[in-house]
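Just so it is clear, the model here is predicted, and its values are computed rather than measured.
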2 protein chains.
Amino acid sequence: MKVLSKGSVYALRALTYVVAHKGDIGYVSIGELSRSLDISFHFLTKIFQQLTQAGILESYRGPNGGIKLARPPHEIKVIEIVDVLEGPEFFNTCLLGLPGCGEFDPCPVHDFWAKAKEALRREFELTTLAELGTKVSDERLRIKP
Amino acid sequence: MKVLSKGSVYALRALTYVVAHKGDIGYVSIGELSRSLDISFHFLTKIFQQLTQAGILESYRGPNGGIKLARPPHEIKVIEIVDVLEGPEFFNTCLLGLPGCGEFDPCPVHDFWAKAKEALRREFELTTLAELGTKVSDERLRIKP
DNA sequence: TTGGTTTAAGACCTTCAAGTCTCAAAAAAC
DNA sequence: GTTTTTTGAGACTTGAAGGTCTTAAACCAA
Ligand code: FES
Ligand code: FES
């Protein structure tokens with residue numbers, strides 16, 4: 001059951017790590033995140049490039065450079081990250097793989113699946129990076145393998 | 001968002017078609033199902049082989065052969081098909097891709113995801129092929145692209 | 001100015017689900 | 001028997017996601 005792509009997963013884990021362990025000050029280098037979370041450096045770089053271009057992150061090159069959140073963590077919703085990395089069709093998938101997913105021409109499992117997707121969308125809409133960070137730093141929930 | 005593999009999806013669509021359009025009598029050839037639902041014949045054959053070996057289907061070779069349900073449609077739950085085709089780890093995935101998913105060492109989104117997965121499992125547990133078939137034959141819900 | 005450190009960009013490789021193809025085996029019709 | 005129709009089994013190919021590598025560009029410091 002692969003709901004999120006590796007890109008979204010790595011982005012969420014890495015940014016949660018930043019919020020939990022680095023606070024909101026200065027740039028964090030991708031190399032450190034890669035090492036700390038055991039994620040491929042180059043792959044993480046590509047993911048962050050997308051988020052930077054989307055205005056969610058800011059980057060800075062050179063010594064002591066890296067990435068940082070463009071806005072405070074409590075203003076950045078999980079769904080923003082997912083939207084960028086999964087694309088606009090993410091919440092428009094039919095559970096039976098049929099093209100489109102809507103009321104107009106539903107499949108036999110649409111009633112259930114529409115509600116399940118809406119619950120997921122709502123969760124992503126309501127959860128911010130600040131909350132994820134707090135859970136990791138306060139409750140010590142895990143974020144790495 | 002790919003929740004079910006193509007294998008599960010094709011199996012559910014094909015067996016729902018059988019229940020809705022063929023009733024519970026005799027064998028239905030894979031060739032007809034492949035043509036009617038626009039699914040690769042050879043791929044569908046491989047999927048049905050797994051379900052036959054698992055005892056969910058029965059097959060018969062030669063003219064007028066094909067596959068049929070091993071039990072009446074109202075006794076075959078969706079989860080049985082998913083279990084065979086997705087394997088035992090299907091409901092044990094962490095939303096953040098961490099190994100295992102359990103209360104003992106949860107990630108920051110575990111609380112939500114555990115409930116969401118349980119809702120999906122429950123739906124698959126409660127839904128039978130008979131119900132899917134009825135929805136397609138009575139309410140004319142779609143089952144092909 | 002030179003060299004080290006870092007992200008940016010894109011080419012390239014790998015892996016695995018998905019899909020295709022080929023031949024064998026079973027059954028019926030002739 | 002022989003041929004036709006069907007599933008069984010497995011090798012092979014494809015495509016896309018995931019991952020690696022290389023070079024460029026920005027930035028700092030000695
Ligand atoms: S149409 Fe299939 S889930 Fe909505
Ligand atoms: S541990 Fe991550 S969802 Fe359960």
Side-chain angles (χ1 to χ4, degrees), chain A residues 1-15 18 26-35 37-70 82 85-87 89-90 93 96-97 145, chain B residues 1-14 18 26-35 37-70 82 84-87 89-90 93 96-97 145:
Chain A
M1 173 154 41
K2 174 155 41 184
V3 174
L4 295 173
S5 69
K6 291 284 187 185
S8 301
V9 163
Y10 290 165
L12 289 173
R13 283 174 48 206
L15 297 183
V18 168
Y27 294 93
V28 183
S29 87
I30 303 178
E32 177 185 347
L33 293 173
S34 161
R35 267 177 269 113
L37 295 169
D38 201 22
I39 298 172
S40 151
F41 168 76
H42 291 287
F43 192 28
L44 195 52
T45 297
K46 288 205 298 192
I47 296 162
F48 282 158
Q49 281 168 19
Q50 294 184 68
L51 294 175
T52 301
Q53 286 162 1
I56 294 174
L57 297 181
E58 286 172 5
S59 68
Y60 201 81
R61 289 191 259 203
N64 298 313
I67 56 97
K68 70 171 182 182
L69 302 179
V82 171
L85 297 173
E86 303 287 343
E89 287 301 298
F90 184 69
T93 54
L96 294 188
Chain B
M1 173 155 37
K2 174 157 41 181
V3 173
L4 295 174
S5 69
K6 291 284 186 186
S8 300
V9 163
Y10 291 165
L12 289 173
R13 283 174 46 206
V18 169
Y27 293 93
V28 183
S29 86
I30 303 178
E32 177 186 346
L33 293 172
S34 161
R35 267 177 269 112
L37 295 169
D38 201 22
I39 298 172
S40 153
F41 168 75
H42 292 287
F43 192 28
L44 195 52
T45 297
K46 287 206 299 189
I47 296 163
F48 282 158
Q49 281 169 18
Q50 293 183 68
L51 293 175
T52 301
Q53 285 162 1
I56 294 174
L57 298 182
E58 285 172 6
S59 67
Y60 200 82
R61 289 191 262 203
N64 297 315
I67 57 97
K68 71 171 182 183
L69 302 178
V82 171
V84 170
L85 297 173
E86 303 287 343
E89 286 302 298
F90 184 69
T93 54
L96 295 187

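- In the set dA18(C), dA28(C), dG8(D), dA18(C) carries the atom at the smallest distance from any side-chain atom of F43(B).
- With Y10(B) as the fixed residue, the ring pair (Phe, Tyr, Trp, His ring centres under 6.0 Å) test singles out one of F41(B), F48(B), F43(B): F43(B).
- With distances taken from any side-chain atom of S40(B) to the nucleotides dG4(C), dG19(C), dA9(D), the minimum falls on dG19(C).
- A straight line from CD of E58(A) to C1' of dA8(C) spans 16 Å, rounded to a whole angstrom.
- Using a 4.5 Å heavy-atom cutoff, the side chains of L44(A) and L37(A) are not in contact.
- Between the CG atom of L44(A) and the C1' atom of dG18(D) there is a distance of 13 Å, given to the nearest Å.
- One donor-acceptor pair, N or O on each side, does fall under 3.5 Å between the base of dG19(C) and the side chain of K46(B).
- Of the candidate nucleotides dT7(C), dA18(C), dG18(D), dT7(C) has the atom lying nearest to any side-chain atom of R61(A).
- Side-chain atoms of I39(A) and I47(A), non-hydrogen and from C-beta on, never get closer than 4.5 Å to each other.
- Across the protein-nucleic acid pair, I47(A) atom CD1 and dG10(C) atom P stand 17 Å apart, rounded to whole Å.
- For the OP1/OP2 pair of dA8(C) and a distance below 4.0 Å, the side-chain nitrogens and oxygens of T45(A) include no atom meeting the criterion.
- Distance, I30(A) CD1 to dA9(C) P: 12 Å, rounded to whole Å.
- Side-chain atoms of H42(B) lie closest to dC21(C) of the nucleotides dC21(C), dG8(D), dG19(C).
- Distance from the side chain of F41(A) is smallest for dT7(C) among the nucleotides dT7(D), dG19(D), dT7(C).
- Distance L37(B) CG to dG19(C) P: 14 Å, rounded to the nearest Å.
- In terms of heavy atoms, G26(B) sits closest to K68(B) at O-CB, 3.5 Å.
- At the heavy-atom level, Q53(A) lies under 4.0 Å from the strands shown only through sugar-phosphate atoms.
- Per the geometry, CZ belonging to F48(A) stands 19 Å off C1' belonging to dG10(C), to the nearest Å.
- Look at CG on L57(B): it is 18 Å from P on dT6(D), rounded to the nearest Å.
- You'll find that the side chain of P63(B) is closest to dA27(C), out of dG19(C), dT6(C), dA27(C).
- Residues N64(B) and Y27(B) have side chains not in contact (no heavy-atom distance under 4.5 Å, counting atoms from C-beta outward).
- Atom-to-atom, CD of E32(A) to P of dT5(C) comes out at 16 Å; the value is rounded to the nearest Å.
- Contact between the side-chain N/O atoms of Y60(B) and the OP1/OP2 oxygens of dT5(D) is not found at any separation under 4.0 Å.
- Of the side-chain N and O atoms in Q50(B), none sit less than 4.0 angstrom from OP1 or OP2 of dG8(D).
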